[in-house]
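Notes follow the structure.
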Amino acid sequence: MATLDLTRYPNELLWLLLLTANFLAILIAYKSFGKTGLYIWIPISTILANIQVLKMVDLFSIGVTLGNITYASSFLATDILSENYQKRDAGKAVLIGFFSLFSTVIIMHIALAFKPNDADFIQDSFTRIFGLLPRIALGSLIAYGVAQFHDVWAYDFWKKRFPAAKFIWLRNNASTMLSQLLDTLIFTTIAFWGMVETNVFLEILTTTYLVKWLVAIADTPFIYIAKIMFDRNWINNDS
C-alpha cells in the first residue's frame with residue numbers, strides 16, 4: 001500500500017499544510033465538542049509546541065524553530081473563547097495549558113530516570129528531546145503565562161471598545177500580536193540565551209516573532225468562522 005511521502009515537498013508548502021492542519025483541527029474540535037473542544041486543544045498545542053520547538057528548519061532560506069505554528073494556534077483557541085463566551089472561560093484555558101505543560105515536565109523527568117534494559121532503543125532519543133524540556137518548559141511556562149493572560153485581558157479590552165462583529169479582526173490581531181511579542185522575548189531569552197551564538201539567538205528571536213505574526217494574521221478568517229458556527233448553533237455538546 002502506497003504511503004504519502006511528505007518529505008518530498010518543500011518546507012514552505014509543508015508550513016502552509018501545518019498551519020491549515022492546526023486551524024482546521026481547532027474548528028473540528030470546536031464543532032464536535034463545543035467549548036470543551038477548545039479546552040482539549042490547549043494541552044495538545046502546548047505539549048506539541050514544546051517538543052517541536054527543538055527542531056530548526058529553513059523557510060525561505062531563514063532558520064526558524066518548528067513549534068511556532070502549533071503554539072500560536074493556542075491563541076486562536078483562547079480568542080475564540082473570549083469572543084464567543086466570557087473572559088473567565090479564556091482564563092480557564094490558560095490555566096489548563098499551565099497544568100498540562102507542568103505535568104508533562106514532571107512525568108517525563110521521572111520517566112527518563114528509569115534505567116533502560118538491553119532491548120531498549122529509545123532512551124537516547126528520549127533524553128535528547130525531553131532532557132532539554134525543563135529549560136524549554138520553564139521559558140514556555142513564564143512566557144505562556146505572561147502572553148496568554150495579556151492576550152485574554154487585551155481581547156476583552158478591545159472587545160469592550162469595539163464590540164461590533166465587524167471589528168473581530170481588530171481585537172483578534174491587536175491582542176495577539178503584542179502578546180506574541182511578549183511571548184517571543186521571554187521564551188527565546190530563557191530557552192536559548194547562552195545555548196547558541198548571539199547572531200543565532202537574534203535570528204531565532206526575529207524569525208520566531210515574524211512567524212507568529214504571520215500566524216496571527218492567518219488565523220483571522222478562522223475566528224470569523226468560529227463566530228459564525230457559534231451564532232448559527234452549529235456547535236455540538238456545548239456547555
Side-chain angles (χ1 to χ4, degrees), residues 3-28 41-79 97 101 125 128-130 132-133 135-137 139-140 142-144 146-148 151 169 172-225:
T3 58
L4 179 61
D5 182 14
L6 294 178
T7 60
R8 62 191 179 95
Y9 296 105
N11 281 352
E12 292 75 18
L13 182 59
L14 291 173
W15 188 85
L16 291 175
L17 177 62
L18 184 61
L19 184 80
T20 304
N22 275 266
F23 290 161
L24 287 180
I26 292 174
L27 292 182
I28 292 172
W41 181 257
I42 295 297
I44 292 174
S45 62
T46 304
I47 294 170
L48 286 181
N50 279 273
I51 296 173
Q52 292 176 359
V53 75
L54 299 174
K55 183 171 182 176
M56 292 289 296
V57 300
D58 289 326
L59 291 175
F60 303 104
S61 302
I62 300 174
V64 299
T65 54
L66 188 61
N68 295 326
I69 292 176
T70 303
Y71 180 74
S73 70
S74 65
F75 286 83
L76 174 60
T78 53
D79 283 355
L101 184 55
S125 297
R128 288 177 65 86
I129 295 174
F130 293 103
L132 291 174
L133 194 57
R135 178 167 178 166
I136 297 295
S140 182
I142 296 174
Y144 182 89
V146 173
Q148 285 281 12
D151 184 65
W169 67 271
N172 176 58
N173 289 289
S175 62
T176 300
M177 287 182 179
L178 180 55
S179 299
Q180 295 283 30
L181 178 60
L182 293 172
D183 177 85
T184 303
L185 287 170
I186 296 171
F187 172 75
T188 306
T189 300
I190 295 175
F192 295 109
W193 181 256
M195 293 185 66
V196 297
E197 295 180 359
T198 302
N199 62 321
V200 176
F201 170 81
L202 292 175
E203 181 181 14
I204 292 174
L205 181 67
T206 304
T207 57
T208 295
Y209 180 65
L210 176 60
V211 171
K212 290 180 179 179
W213 186 81
L214 292 173
V215 174
I217 295 176
D219 76 13
T220 304
F222 292 88
I223 193 171
Y224 275 96
I225 294 172

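What you see is a predicted model; the values in this text were computed from it and never measured.
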Handout entry: Criterion ring pair (Phe, Tyr, Trp, His ring centres under 6.0 Å) against Phe23, the qualifying member of Tyr224, Trp41, Phe222
Key = Phe222

Problem - Residues which pass side chain to side chain contact (heavy atoms under 4.5 Å, CB included) with Leu6, listed by chain and number, not counting sequence neighbours - result: Leu4, Tyr9, Leu14, Leu17

Handout entry: Shortest non-hydrogen contact between Ser73 and Ile26, atoms and distance
Key = O-CD1, 3.4 Å

Problem - Side chains of Tyr71 and Val211 in contact at under 4.5 Å (non-hydrogen atoms) - result: no

Problem - Distance in Å, Leu16 CG paired with Asn11 CG, rounded so as to fall on 0.5 Å steps - result: 11.0 Å

Practice task
Would you give the length of the straight line joining atom CD1 of Ile47 to atom CG of Leu101, rounded to the nearest 0.5 angstrom?
Solution key: 7.0 Å

Practice task
Would you please test Lys55 and Val57 for side-chain contact (heavy atoms from CB on, under 4.5 Å) and show each step?
Solution key: CA-CA 7 Å; Lys55 183 171 182 176; Val57 300; 4.1 Å; yes

Handout entry: Where Ile42 and Ala77 come nearest, the two heavy atoms and their spacing
Key = CD1-CB, 3.8 Å

Problem - Thr70 (side chain) donor-acceptor with Gly67 (main chain) under 3.5 angstrom - result: no

Practice task
Could you pull out the closest heavy-atom pair between Tyr144 and Ser74, with the gap in Å?
Solution key: CE1-OG, 4.4 Å

Exercise for the section: Taking atom types as modelled, find out whether Asp183 and Tyr209 have a side-chain donor-acceptor pair closer than 3.5 angstrom. Expected result: no

Problem - Sidechain-backbone polar pair: Thr208 side chain, Leu205 backbone, donor-acceptor under 3.5 Å - result: no

Problem - Thr176-Asp79 side chain donor-acceptor pair, cut-off 3.5 Å - result: yes

Practice task
Applying side-chain contact (heavy atoms from CB on, under 4.5 Å), run through Val215 and Asn68 and close with a yes or a no.
Solution key: CA-CA 8 Å; Val215 174; Asn68 295 326; 5.8 Å; no

Handout entry: Interatomic spacing from OG1 in Thr20 to CH2 in Trp15 - rounded to 0.5 Å
Key = 9.0 Å

Problem - Note, Thr188 side chain near Trp193 side chain (heavy atom, < 4.5 Å) - result: no

Problem - From CG (Asn50) to OG1 (Thr46), nearest 0.5 Å - result: 7.0 Å

Handout entry: From CA spacing to verdict: side-chain contact (heavy atoms from CB on, under 4.5 Å), Gln180, Phe75
Key = CA-CA 9 Å; Gln180 295 283 30; Phe75 286 83; 3.5 Å; yes

Problem - Rounded distance [0.5 Å steps], CG in Asn172 versus CD1 in Ile223 - result: 4.5 Å

Exercise for the section: Output all residues satisfying side chain to side chain contact (heavy atoms under 4.5 Å, CB included) with Asp58, sequence neighbours left out; order by chain, then residue number. Expected result: none

Exercise for the section: Please check if the side chain of Thr206 supplies one atom and the backbone of Glu203 the other of a donor-acceptor pair under 3.5 Å. Expected result: no

Practice task
Could you tell me whether the side chain of Gln148 reaches within less than 4.5 Å of the side chain of Ser179, counting heavy atoms only?
Solution key: no

Problem - Close side-chain approach of Asp151 to Leu182, heavy-atom, < 4.5 Å - result: no

Practice task
Heavy atoms only: give me the nearest Ala218-Leu19 pair and the separation to one decimal.
Solution key: CB-CD2, 3.8 Å

Problem - Shortest non-hydrogen contact between Gly139 and Phe187, atoms and distance - result: C-CD1, 3.6 Å

Exercise for the section: Determine, step by step, whether Ile190 and Ile186 satisfy the side-chain contact (heavy atoms from CB on, under 4.5 Å) criterion, reporting the C-alpha distance in whole Å, the side-chain angles of both residues, the deciding distance to 0.1 Å, and the verdict. Expected result: CA-CA 6 Å; Ile190 295 175; Ile186 296 171; 3.9 Å; yes

Practice task
Flag the pair Trp213 / Leu181 as yes when at least one side-chain heavy-atom distance between them is below 4.5 Å, and no otherwise.
Solution key: no

Handout entry: Close side-chain approach of Lys212 to Thr184, heavy-atom, < 4.5 Å
Key = yes

Exercise for the section: Check Met177 against Ile217 and note the closest heavy-atom contact, atom names and distance. Expected result: CE-CG1, 3.4 Å

